[in-house]
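Note that the structure is predicted; figures quoted are calculated from it, not measured. Both ligands and their constituent atoms are indexed starting at 1 by order of listing.
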Amino acid sequence: MAKHKIAVLPGDGVGKDVMEAAQICLDALKLDAEYVHGDVGWEFWKTEGDPLPDRTIELLRSVKACLFGAITSKPRDEANEELDPGLRNKGLVYFSPIVRLRQEFNLHTNLRPCKTYPGNPLNFRDDIDLVVFRENTEGLYSGVEFHPVPDEVRKTLLDNHPKMKRFDNASNDDLAISCRIFTRAGCRSIARQAFEYAKTYRRKSVTVVEKPNVIRETSGLMVRETRKIAKEYPGIELWEANIDAMCMWLVKNPQDYDVLVATNMFGDIVSDLCAQLVGGLGFSPSGNIGDRLGVFEPTHGSAPKYTGMYKVNPIAMLLTTKMMLEYLGETEMGSRLENAVAAVIKEGKVRTYDMGGSNTTLEVAEAVARKL
Ligand code: IPM
Ligand code: MG
């Protein structure tokens, strides 16, 4: 029996291209693993009415780690139009598979390292090395939303909050409400992980990114809980920044930041900004980590227009694979993979179009594999 069983979910669009690239490097590393392919994505939405079929959920229950490619998501009405005729008007609703996986498997922590590698012409600066810890299951992603807003919900809000009066003139259909739900446990858990990481990797600061001056209750809870956790780590500074100012500071002085911790939506926003600082989405890996399962995916999407063209940069996926190897305890292989990626970037001979080159996804992967 192989040492590791890994679920491989290429998904849509360029997810398949970059997954092939990852496999080339995993094979070159001779990781002792059994790879089991699973179905996920738009194809299965169209033909089965479910982009994340039960058999895939079952597969994920049997593994510790999953490599995930990319997923296409479309707005509700467009999604309905693309369903096979026999499945239309049955009340099926498209729901993002990755968001569902995060919630169903309680993948509470989204870890997104953003690091510049020397020689990358796309670096915003050459000295950026930060890690985003994004809470991954709560907040505006909780899915508790209303449109139209039911009478009982309106009445309860009105009875309990004077500020609701301002919306009295709008009809139920003219109102939409999304709930930003935080739990104390969720806030504490993500803050704890950020500090633990800072301690393990000797980082000097953790910055909590929120907006408690305006969103008093939810942001307030997150910041207060983070402060409490920070007290347990006297050697690590806690910095506090509002999300808007943080975007500015990250463009101005990105090299000053070590570890960022944020709730779900702000973490989503800030991680795209950080990705661009280190060369764009082609360089940004991520891990969705729970207590029993880790799902590793590049931060980029499925880029449908490049499907099957082997054009996109596989580096995000290769760095994602490195994160998975570390999670599986294969730290030595993880470092070898990262060093090989860094060497190929530094040499600058084999590059995809985003870096000004004309090599394919797989040529980059093969160049990395040769260094292993
Ligand atoms: C991400 C993505 C997802 C998110 C989308 C695809 C649902 O933007 O992983 O950052 O919003 O979390
Ligand atoms: Mg995002």
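For the Mg ion (ligand 2), the N/O/S atoms of Asp272 include none lying under 2.8 Å.
A cation-pi geometry, defined here as NZ or CZ lying under 6.0 Å from the six-membered ring centre and within 45° of its normal, does not hold between Lys74 and Tyr94. Both the sub-6.0 Å distance and the 45° axial angle are not jointly satisfied by Arg224 relative to the ring of Phe182. The cationic atom of Arg102 (NZ for Lys, CZ for Arg) does not lie both less than 6.0 Å from the six-membered ring centre of Phe68 and within 45° of the ring axis.
From the protein, the heavy atom lying nearest to atom 2 (C) of ligand 1 is Asp268 OD1, 4.0 Å. For atom 11 (O) of ligand 1, the nearest non-hydrogen atom of the protein is Tyr141 OH, 2.5 Å. For atom 1 (C) of ligand 1, the closest non-hydrogen atom of the protein is Arg112 NH2, 3.2 Å.
Protein heavy atoms all stay at least 4.0 Å away from atom 5 (C) of ligand 1.
Residue contacts with ligand 1: Thr299 is excluded, as none of its non-hydrogen atoms falls under 4.0 Å.
For Asp32, the CG atom sits in a packed shell: over 12 heavy atoms of surrounding residues, nucleotides or ligands are nearer than 6.0 Å.
Close approach of ligand 1 to Val99 is summarised as follows: ligand atoms under 4.0 Å from at least one heavy atom of the residue are 7 (C).
At least one N or O atom of Arg102 sits closer than 3.5 Å to an N or O atom of ligand 1.
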Can Tyr257 and Trp239 be said to form a ring-ring contact (aromatic ring centres under 6.0 Å, His included), step by step?
-> CA-CA 10 Å; Tyr257 293 92; Trp239 299 352; 5.7 Å; yes
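At a heavy-atom cutoff of 4.0 Å, ligand 1 is contacted by no atom of His300, backbone or side chain.
A donor-acceptor pair under 3.5 Å is formed between the side chain of Ser286 and the backbone N or O of Glu297.
A pairwise comparison of heavy atoms in Met323 and Gly287 identifies CE-N, 3.6 Å as the closest pair.
Looking at Asp268, its N, O or S atom nearest to the Mg ion (ligand 2) turns out to be OD1.
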